[in-house]
Amino acid sequence: MKNPKIKLIYDKLYSAFGPQHWWPGDSPFEVIVGAILTQNTAWKNVSVSIQNLKNNKVLTPRELYDLPLEKLGSLIRSSGYYNLKAKRLNNFLNILFSGYEGDLGKMLDQEGKTLRNVLLDISGIGPETADSIMLYAGGKLSFVVDAYTRRIFSRHKLIEEGLPYDELKHFIEKNLPGNLKLYNEYHALIVRTGKEFCSNKDPKCSLCPIREI
DNA sequence: CTCCGGACTG
DNA sequence: CAGTCGGGAG
């Protein structure tokens with residue numbers, strides 16, 4: 001028994017905003033680095049860090065792994081939590097080189113559930129980052145939940161506010177067709193809606209594309 | 001001053 | 001559960 005509102009909301013948002021072209025990035029590795037750097041951080045600040053890494057020619061697993069933590073931290077400073085995130089990037093690279101010979105393809109080609117568990121075992125990669133990597137770097141059918149998702153769906157009385165991550169993820173997935181492009185756009189559209197209309201403080205409900213639902 | 005495309009530790 | 005990490009933009 002599907003709840004038609006989940007797909008309906010997507011249709012409304014897509015009609016209002018169109019394709020969002022996520023994830024911005026030239027390679028799966030760039031997507032992964034961005035996913036870790038953007039944790040609780042505005043994307044604009046992350047893009048500066050990514051550009052720094054590119055300018056220094058270290059945006060590859062090998063080069064980044066060989067970079068001292070202190071140097072890495074200075075390059076990603078604009079993303080905030082830079083000491084913490086330098087370690088988190090290194091934690092990821094440790095697994096990539098110890099388990100997959102530094103070969104991203106080898107890591108990402110694993111079956112979905114296996115890959116998700118591998119990622120979640122890395123300190124610094126939680127459920128949202130893992131799902132972002134799965135979907136946007138690995139092309140896996142894994143819906144990404146974030147704070148906006150919870151806020152929008154609970155404000156529309158579709159879920160309880162405190163619904164745990166995995167339950168919210170499953171609720172959405174079971175009410176949507178299993179389509180990669182749909183998962184990709186939906187999360188991006190939710191982020192856009194959250195920023196423009198469903199803010200915590202001063203929501204613009206009267207102007208929101210899904211105000212009728 | 002608050003908020004951001006979270007996650008870990010105590 | 002709360003505290004911590006943190007620069008950048010509004």
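Naming convention: chains lettered A, B, ... in sequence-line order (proteins, then strands); numbering from 1 in each chain. The structure displayed is predicted, hence computed values, not measured ones.
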remark   = In whole angstroms, the gap separating P of B:dC4 from CZ of A:Arg151 amounts to 6 Å
message = Assigning hydrophobic clusters by single linkage (Ile, Leu, Val, Met, Phe, Trp, Tyr; side-chain heavy-atom cutoff under 4.5 Å), is A:Ile159 placed with A:Leu8?
response = yes
ask   = Can you list the residues that meet the side-chain contact (heavy atoms from CB on, under 4.5 Å) rule with A:Glu70, with sequence neighbours excluded?
value = none
task = Assign A:Gly80 to base, sugar-phosphate, or nothing according to its heavy-atom contacts below 4.0 angstrom with the strands shown.
result = base
task = Please state the P separation for the pair B:dA7 and C:dG8 - nearest whole angstrom.
result = 23 Å
message = For A:Glu111 and A:Thr114, which I'm curious about, is there any donor-acceptor pair between the side chains at under 3.5 Å?
response = yes
ask   = Is the backbone of A:Arg77 close enough, under 3.5 Å, to the side chain of A:Ser79 for a donor and an acceptor to pair up by distance?
value = no
Cluster link A:Leu141 to A:Ile172, ILVMFWY, side chain under 4.5 Å = yes
task = Quickly work out the A:Asp146 CG to B:dA7 C1' distance and round it to whole Å.
result = 14 Å
query = With distance as the sole criterion, is a donor-acceptor pair present between the side chains of A:Lys85 and A:Ser49 under 3.5 Å?
reply = no
request  = Select from A:Ser123 and A:Tyr148 the residue whose nearest nucleotide in DNA chain B is closer to the 5' end of that strand.
outcome  = A:Tyr148
List the atom pairs, with distances to 0.1 Å, where a side-chain N or O of residues 203-213 of chain A and a protein N or O form a donor-acceptor pair under 3.5 Å, not counting sequence neighbours.
unit_1	atom_1	unit_2	atom_2	d
A:Lys204	NZ	A:Asp202	O	3.2
A:Lys204	NZ	A:Asp202	OD2	3.0
A:Arg211	NH1	A:Cys208	O	2.7

task = Would you mind classifying the nucleic acid contact of A:Thr129 as base, sugar-phosphate or nothing, using non-hydrogen atoms under 4.0 angstrom?
result = sugar-phosphate
ask   = Once you round it to whole Å, what is the distance between C1' of B:dC4 and CG of A:Asp202?
value = 17 Å
query = Of all of residues 11-26 of chain A, which get a heavy atom below 4.0 angstrom from DNA chain B, listed by number?
reply = A:Trp22, A:Trp23
A:Asn40 CG to B:dG5 P, straight-line distance once rounded to whole Å = 9 Å
key: Proximity to the side chain of A:Pro127 - top-ranked nucleotide from B:dA7, B:dG5, B:dT2   = B:dA7
key: Euclidean distance for C1', B:dG5 against C:dG3 (whole angstrom)   = 23 Å
task = Name the residue closer to the 5' end of DNA chain B, choosing between A:Gly194 and A:Leu120 according to the nucleotide with the nearest heavy atom.
result = A:Gly194
request  = Decide whether a cation-pi geometry holds between A:Arg62 and A:Phe97; the criteria are a distance under 6.0 Å from NZ or CZ to the six-membered ring centre and an angle within 45° of the ring axis.
outcome  = yes
ask   = Between A:Asn83 (CG) and C:dG7 (C1'), how many Å, whole number?
value = 12 Å
request  = Specify the separation, in whole Å, of atom CD1 of A:Ile36 and atom P of B:dC4.
outcome  = 21 Å
Residue whose closest nucleotide on DNA chain C lies nearer the 5' end, A:Lys44 versus A:Tyr81 = A:Tyr81
task = Go through the N and O atoms of the side chain of A:Thr38 and the base of B:dG6, and report whether any donor-acceptor pair is under 3.5 Å.
result = no
query = What interatomic distance, in whole Å, is found between P of B:dC1 and the corresponding atom of C:dT4?
reply = 16 Å
request  = Rounded off to whole Å, could you give me the CG-to-C1' distance for the A:Leu37 and C:dC5 pair?
outcome  = 14 Å
message = Without decimals, in angstroms, what is the distance between A:Lys87 NZ and B:dA7 C1'?
response = 14 Å
